[in-house]
Each structure stands twice: as C-alpha cells, then as structure tokens.
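Every value quoted in this text rests on a predicted model; they were computed, and no experiment measured them.
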Amino acid sequence: MDTLDQIATQREEAEQNGSAPVLTVEDVHKSFGSQNVLNGITLSVKRGETLAVLGRSGTGKSVLLRLVVGLEKPDSGLVRIHGQDIAGLALDQLGEIRKKMGFLFQHAALYDSLTVEQNVGFPLQHHKKEMSRPEKAARVKQLLAEVGMEGDFAKMPSDISGGMQKRVGLARALALEPDILLLDEPTAGLDPISAAEIDDLVLKLQQEHLMASIVVTHDLHSAKTIANRLALLNQGKVVIEGDFEELQKSDTEFVREFLRHS
C-alpha cells in the first residue's frame, strides 16, 4: 500500500469511528455582485452528527448548502468532503461525490408527473445500472416503509399532503445510501403536528444510518430536536456554535434577540 492509499485508509477509519469530519467548510467567502453573503464561514460535521444552521432570512444558509453540493463555488476558502476539496473537481468527479449526498429540498421538489414510487426510484434508475429491476423495486419498498409511506406508492405528489411529500423526499434522499444528508427547511410550511412527525422521522433515520447531516432551518424547536450542535449566522458569519444550552447562556445581544423571537 502506497502513502496515498495509507492516508485514504486512515481517513476512512477516522471517519468511521467519528474522530474526523466527513464534511468541512473552511473560511469560506461568497459574494454575488456587491452583496457579501458568506464572510469566512468555518464549520464541520462528523459521521453520526447533525449540525443545524440557523439565522435570519438572507444570511446565506441555503447558499451554504449549494456550496457543499458544488452548485456554487466559494470565492475563497475550502469545502472538503471526506478531506477532498471539491471546488476544482471535474463534473464527473463531483458527480461521484454527490452520489454520497442526500438532499431534501425545502418544498420536497418531487416530480409532478411521477408516482411516489417512481420519485423514490429515480436516483436508482439513473445511478444504479447494476441493480436489477426487482432489486430496485425492493429497495424503493424498503425506503418507503422507513418513512411510513409504504401504502402510498402509487399516488401522485398532488394527491398527498405537504408532510407526506417531505417523507417521500426523505426516502428519495436516502436512495443511494448517502453518508451526508442535507436538509433545507425540512419543516417549512407544515402544521405543528406534521412538523413534529418530520422531526421524529429525521431523528430516527439519523440514528439508524449514522450520516453526517446539516439542516438549514428557521425552526428553533426543530433544530433543538434533531441537532447535536447549532450554528447561528449573522451577516455571513458564525456568531455562535454549540448546543442549545450554550446558546441560551450567551450574552451576545444578537443571540439573545434571536432566541427571544424564535
């Protein structure tokens, strides 16, 4: 085994035992024209850990997710997945890394013309050519059972509620067995009961699959429920990072005001 292989093996072993970050954002800056959105963000997430990113609208939370999946490139700084900076990767290399990421979009983003079953199976059809049709069907059935939607596989997205659409979106996000899960406002637009059900589901899936997860949310109650750590952004910077108790103890005025109005 050469040195590079040894390093890769050591990194993989460190990630497996939770001692090394799976995902790291290092001093990232991002602007759009004259608008500075991120001003030196540094965050990391380990295997089995969920980081909730909080902040007011327009503070760059969703931009952060787009940087992590490579839809945007930082103006400066690094985004590392399994220790590899993704900014300079070719599209095919980035595509391979994206297969290890599951993404739940804010509005589920299901394909209106496909059934629930077809939506969940979509990533398998495109990225698992080696799987037989019965294997794909069994995988879809398993995923829908995990999110409590096994009885709705033939329905269209328009026939199910917003909370159910989020469940289907979660099942689709897990289709390729990702080791990184990205959640963009998973409880947005849901009533309190449906939001609590999504929180419980995300928590259950995280415990079962031990992914490294980032959740972007305005919902402080949801963040407290599903996240190990919380990072609060303001003006493109991390104001505070820690568990909820640490945020409560902060004497920073912005932190106190955010908690007071959340």
For this session: Could you go through the side-chain contact (heavy atoms from CB on, under 4.5 Å) check for Lys46 and Val22 one step at a time?
Result: CA-CA 5 Å; Lys46 297 178 182 179; Val22 175; 5.7 Å; no

For this session: Begin with the C-alpha distance, continue with both residues' side-chain angles, and end with the deciding distance and a verdict on salt bridge (Lys or Arg N to Asp or Glu O under 4.0 Å) for Arg260 and Glu253.
Result: CA-CA 10 Å; Arg260 194 160 50 239; Glu253 180 57 32; 3.5 Å; yes

Exercise. What heavy-atom pair brings Phe153 and Leu144 nearest, and what distance separates the two atoms?
Worked result: CB-CD1, 3.8 Å

Problem set entry | Flag, side chain of Thr217 to backbone of Asp219, donor-acceptor distance under 3.5 Å | yes

Exercise. Is there a donor-acceptor pair closer than 3.5 Å between any side-chain N or O of Thr24 and the backbone N or O of Ser44?
Worked result: no

Exercise. Going by distance alone, is a donor N or O of one side chain under 3.5 Å from an acceptor N or O of the other, for Asp179 and His82?
Worked result: yes

For this session: Identify whether Val202 and Leu110 are in the same connected component of the hydrophobic contact network (ILVMFWY, side-chain heavy atoms under 4.5 Å).
Result: yes

For this session: Working to the nearest 0.5 Å, report the span between NE2 of His221 and CD1 of Ile226.
Result: 10.5 Å

Exercise. Do Arg172 and Pro123 have side-chain heavy atoms sitting under 4.5 Å apart?
Worked result: yes

Problem set entry | Under 3.5 Å: donor-acceptor pair, side chain of Asp27, backbone of Leu78 | no

For this session: Please answer: with hydrophobic residues joined when any side-chain heavy atoms are less than 4.5 Å apart, are Leu205 and Leu124 in the same cluster?
Result: yes

Problem set entry | side-chain contact (heavy atoms from CB on, under 4.5 Å) assessment of Val216 paired with Leu64 | CA-CA 9 Å; Val216 160; Leu64 176 64; 5.5 Å; no

For this session: Find out whether Val69 and Phe103 are in side-chain contact, i.e. whether some heavy atom of one side chain is under 4.5 Å from a heavy atom of the other.
Result: yes

Exercise. To the nearest 0.5 Å, how far apart are CG in Asn39 and CG in Asn36?
Worked result: 5.0 Å

Exercise. Given Gln125 and Gln118, is the side-chain contact (heavy atoms from CB on, under 4.5 Å) satisfied, shown in steps?
Worked result: CA-CA 9 Å; Gln125 295 295 333; Gln118 291 168 334; over 6 Å; no

Exercise. Applying the 4.5 Å side-chain criterion to the ILVMFWY set and letting contacts propagate, would Leu183 and Val53 be lumped into a single cluster?
Worked result: no

Exercise. Are Asn228 and Leu51 close enough that some pair of their side-chain heavy atoms sits under 4.5 Å apart?
Worked result: no

For this session: Specify the closest pair of heavy atoms between Lys61 and Gly55, including all atoms of both residues, with the distance to one decimal.
Result: NZ-O, 3.1 Å

For this session: Check the surroundings of atom NZ in Lys237: do more than 12 heavy atoms from other residues, nucleotides or ligands lie under 6.0 Å from it?
Result: no

For this session: Could you please spell out the steps behind the salt bridge (Lys or Arg N to Asp or Glu O under 4.0 Å) verdict for Glu135 and Arg139?
Result: CA-CA 6 Å; Glu135 286 174 331; Arg139 174 69 176 150; over 6 Å; no

Problem set entry | Distance-minimising heavy-atom pair for Pro178 and Met101 | CB-C, 3.7 Å

For this session: Could you tell me whether Glu26 and Arg80 have a side-chain N and a carboxylate O separated by less than 4.0 Å?
Result: yes

Exercise. Is the Lys NZ or Arg CZ of Lys30 less than 6.0 Å from the centre of Phe32's six-membered ring, within 45° of the axis?
Worked result: yes

Problem set entry | From Ser194 atom OG to Asp199 atom CG, the distance as rounded to the nearest 0.5 Å | 11.0 Å

Exercise. Applying the 4.5 Å side-chain criterion to the ILVMFWY set and letting contacts propagate, would Leu182 and Leu233 be lumped into a single cluster?
Worked result: yes

Exercise. Do Leu174 and His209 come close enough that some side-chain heavy atom pair is under 4.5 Å?
Worked result: yes

Exercise. Lys136 side chain to Gly121 main-chain N or O, any donor-acceptor pair under 3.5 Å?
Worked result: no

Exercise. When rounded to the nearest 0.5 angstrom, what distance separates OG in Ser262 from NZ in Lys224?
Worked result: 10.0 Å

Problem set entry | Inter-residue atom distance Leu170.CG - Leu181.CG, 0.5 Å rounding | 6.5 Å

For this session: Identify the heavy atoms of Ala171 and Val120 that sit nearest to each other, and give their distance.
Result: CB-CG2, 3.9 Å

Seminar exercise, completed: Members sharing Leu259's hydrophobic cluster, built from side-chain contacts under 4.5 Å between Ile, Leu, Val, Met, Phe, Trp and Tyr, are Leu54, Leu220, Leu230, Leu232, Val239, Ile240, Phe244, Leu247, Phe254, Val255, Phe258

Distance-only criterion, 3.5 Å: show the donor-acceptor pairs between side-chain atoms of residues 158-169 and protein atoms not counting sequence neighbours.
residue: Asp159; atom: OD2; partner: Met156; partner atom: N; Å: 3.4
residue: Ser161; atom: OG; partner: Met164; partner atom: N; Å: 3.2
residue: Gln165; atom: NE2; partner: Pro157; partner atom: O; Å: 3.0
residue: Gln165; atom: NE2; partner: Ile160; partner atom: O; Å: 3.4
residue: Lys166; atom: NZ; partner: Gln106; partner atom: O; Å: 3.2
residue: Lys166; atom: NZ; partner: Glu185; partner atom: O; Å: 3.3
residue: Lys166; atom: NZ; partner: Pro186; partner atom: O; Å: 2.8
residue: Lys166; atom: NZ; partner: Ala188; partner atom: O; Å: 3.4
residue: Arg167; atom: NH1; partner: Val147; partner atom: O; Å: 2.7

Exercise. Hey, are the side chains of Asp184 and Leu104 touching, using non-hydrogen atoms and a 4.5 Å cut-off?
Worked result: no

Exercise. Is Asn119 reaching over with its side chain to a backbone N or O of Tyr111, donor-acceptor style, under 3.5 angstrom?
Worked result: yes

Exercise. Would you say the side-chain atoms of Thr50 and Gln206 include a donor-acceptor pair closer than 3.5 Å?
Worked result: yes

Exercise. Less than 4.5 Å apart, any side-chain heavy atom of Leu43 and any of Val28?
Worked result: no

For this session: Please name the residue in the list Val215, Thr187, Ile198 that meets the side-chain contact (heavy atoms from CB on, under 4.5 Å) test with Ser222.
Result: Thr187

For this session: Decide yes or no for Glu208 and Glu146: does some side-chain heavy atom of the first lie under 4.5 Å from some side-chain heavy atom of the second?
Result: yes

Throw together a table of side-chain donor-acceptor distances under 3.5 angstrom for residues 85-97, partners on residues two or more places apart or in other chains.
residue: Asp85; atom: OD1; partner: Ala87; partner atom: N; Å: 3.3
residue: Gln93; atom: OE1; partner: Ala90; partner atom: N; Å: 3.0
residue: Glu96; atom: OE2; partner: Lys99; partner atom: NZ; Å: 2.9

Exercise. Less than 4.5 Å apart, any side-chain heavy atom of Val45 and any of Ile214?
Worked result: yes

Exercise. Can you hop from Met149 to Leu114 via hydrophobic side chains spaced under 4.5 Å?
Worked result: no

Seminar exercise, completed: To the nearest 0.5 Å, atom CG of Leu65 lies from atom CD of Glu72 at 11.5 Å

Exercise. Going through the distances and angles, do His29 and Val37 end up as a side-chain contact (heavy atoms from CB on, under 4.5 Å)?
Worked result: CA-CA 8 Å; His29 293 252; Val37 179; over 6 Å; no

